[in-house]
Amino acid sequence: MTSWTDIQHRRLVELGAAEAVLQQAFSDDAARNNAFQKQVTALTRLGRGRLAQLRSTHRRPALCRLEHRLTEALTGLGFVQVSTPVLLSRGLLAKMGVTTDHPLNKQIYWVERDKCLRPMLAPHLYYVMKDLLRLWEKPVAIFEIGPCFRRESEGARHSSEFTMLNLCEFGLPEVQRRQRIENLADVIMAQAKITAYAFETETSAVYGTTVDVVAADGLELGSGAMGPHPLDRAWKITDTWVGIGFGLERLLMATEGGSHLSRHGRSLAYLDGVRLNI
Ligand code: ATP
Ligand code: MG
């Protein structure tokens, strides 16, 4: 028995072949090459069909449509959208505890000596929130959706540039925090059209209680946290809070399938999840 060559396998992944197709085995090379041609023809036709549909109907990639639905749902719930810089200062990153010996520190893209491409949205949300807590009556709920950057070594479920949604709500009763995280995650999952997911709780001395949202196949979709939290001290914040960060490409991967995240993100090679060199 033989399976796809590396080049064939890579091309089938690019074209969005199903996992079952990628796992196929053949009696000999001729049968395999014949099957490869058939798959490429079928997947190319499918891709061209999807591109035609994009052009004639919604005209926006799935990533943009998902961002729009999430924005509408959250503003509808009273969350205020914020839009903060993609460049993050070294000082604000340090306030998140990301200094020399933190695992995330190796993953930072430094732009200048004191600026990096943000690996997360949380520091800027903290920054804005500390003023809003002074200006607005509680509870105060805000969110941001935007690009984040991390040096990643592992490919299929990570990309160096991805889109994060981070929402947070400050000043809610302490006993409601866990339930609130689940309710807010349910809202996001409904907008992403994901029905099979679970919550995984962990408690650590450094991060307090964290609640991950995990897809049926074990893929981490989002990470939630709650406060009061050790990091709050750096911002002089004493309120209770909940927050969750989701990767939008992960949400699309969970609904649209495919073994690689890259086709769902910002790309030159793909448009709306379809490889352009077809
Ligand atoms: P993982 O353990 O999967 O690497 P993480 O726990 O390091 O993720 P968080 O810091 O919790 O990631 O970020 C919140 C969410 O952002 C994750 O749950 C995931 O959906 C998404 N995310 C994180 N890193 C990436 C990446 N490199 N590419 C795509 N999405 C990512
Ligand atoms: Mg996480």
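Heavy-atom basis, side chains included; hydrogens, waters and symmetry copies ignored. Both counts, for ligands and for their atoms, begin at 1 and track the order of listing. Just so it is clear, the structure is predicted and the values come from calculations on it, not from any experiment. Note that the numbering runs from 1 along the sequence shown for the chain.
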Closest protein heavy atom (residue, atom, distance) for [atom]:
| atom | answer |
| --- | --- |
| atom 27 (N) of ligand 1 | E152 OE2, 2.8 Å |
| atom 14 (C) of ligand 1 | G245 O, 3.5 Å |
| atom 19 (C) of ligand 1 | R250 NH1, 3.5 Å |
| atom 26 (C) of ligand 1 | F162 CD2, 3.4 Å |
| atom 28 (N) of ligand 1 | S159 N, 3.0 Å |
| atom 16 (O) of ligand 1 | M164 SD, 3.4 Å |
| atom 17 (C) of ligand 1 | E220 OE2, 3.3 Å |
| atom 7 (O) of ligand 1 | R150 NH1, 3.2 Å |

Under a 4.0 angstrom heavy-atom cut-off, which atoms of ligand 1 come close to [X]?
| X | result |
| --- | --- |
| H158 | 1 (P), 3 (O), 4 (O), 26 (C), 27 (N), 28 (N) |
| L261 | 28 (N), 29 (C) |
| S223 | 11 (O), 18 (O) |
| G222 | 18 (O) |
| L221 | 18 (O), 20 (O) |

Between R69 and A192, the two heavy atoms sitting closest are NH2-CA, 4.3 Å
Is there a donor-acceptor contact under 3.5 Å linking the side chains of N33 and Q37?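 The criterion, which ignores hydrogens and geometry beyond distance, is not satisfied for Q37 and N33.
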Determine the interplanar angle of the Y126 and F170 rings, folded into 0 to 90°, and report it as parallel if under 30°, tilted if 30 to 60°, perpendicular if over 60°.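 Because their plane-to-plane angle is over 60°, the rings of Y126 and F170 count as perpendicular.
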Going from OG1 on T41 to CG on L46, what distance comes out if it is rounded to the nearest 0.5 angstrom?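 The OG1 atom of T41 sits 12.0 Å away from the CG atom of L46.
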Do we get K115 above W110's six-membered ring, with its NZ or CZ under 6.0 Å from the centre and within 45° of the axis? no
Near the Mg ion (ligand 2), meaning under 2.8 Å, the protein N/O/S atoms are E220 OE2, S223 OG
Quick check: do L63 and T163 have side-chain heavy atoms less than 4.5 Å from each other?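 In short, these two side chains touch, coming nearer than 4.5 Å.
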Purely on distance, is any nitrogen or oxygen of G247 under 3.5 Å from one on ligand 1? yes
Between [Y] and [X], is the closest basic N to carboxylate O distance under 4.0 Å?
| X | Y | answer |
| --- | --- | --- |
| E256 | R50 | yes |
| E144 | R118 | yes |
| K130 | D232 | no |
| E169 | R180 | yes |

Taking ILVMFWY side chains as joined if any heavy atoms are under 4.5 angstrom apart, and letting links pass through other members, which residues group with Y109?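 V86, L87, V111, L117, F149, listed by chain and number.
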Sorted by first residue and then second, give each salt bridge (charged side-chain N to carboxylate O under 4.0 Å, His left out) pair with at least one member in residues 4-16; sequence neighbours left out.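 Counting only pairs at least two positions apart or across chains, the salt bridge (charged side-chain N to carboxylate O under 4.0 Å, His left out) contacts touching residues 4-16 are R11-E14, E14-R275.
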Have a look at ligand 1 and work out which part of E249, if any, has a heavy atom under 4.0 Å from it: side chain, backbone, both or neither. neither
Can you list everything that forms a side chain to side chain contact (heavy atoms under 4.5 Å, CB included) with D101? Sequence neighbours excluded, please.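 With neighbours one apart ignored, the set is T99.
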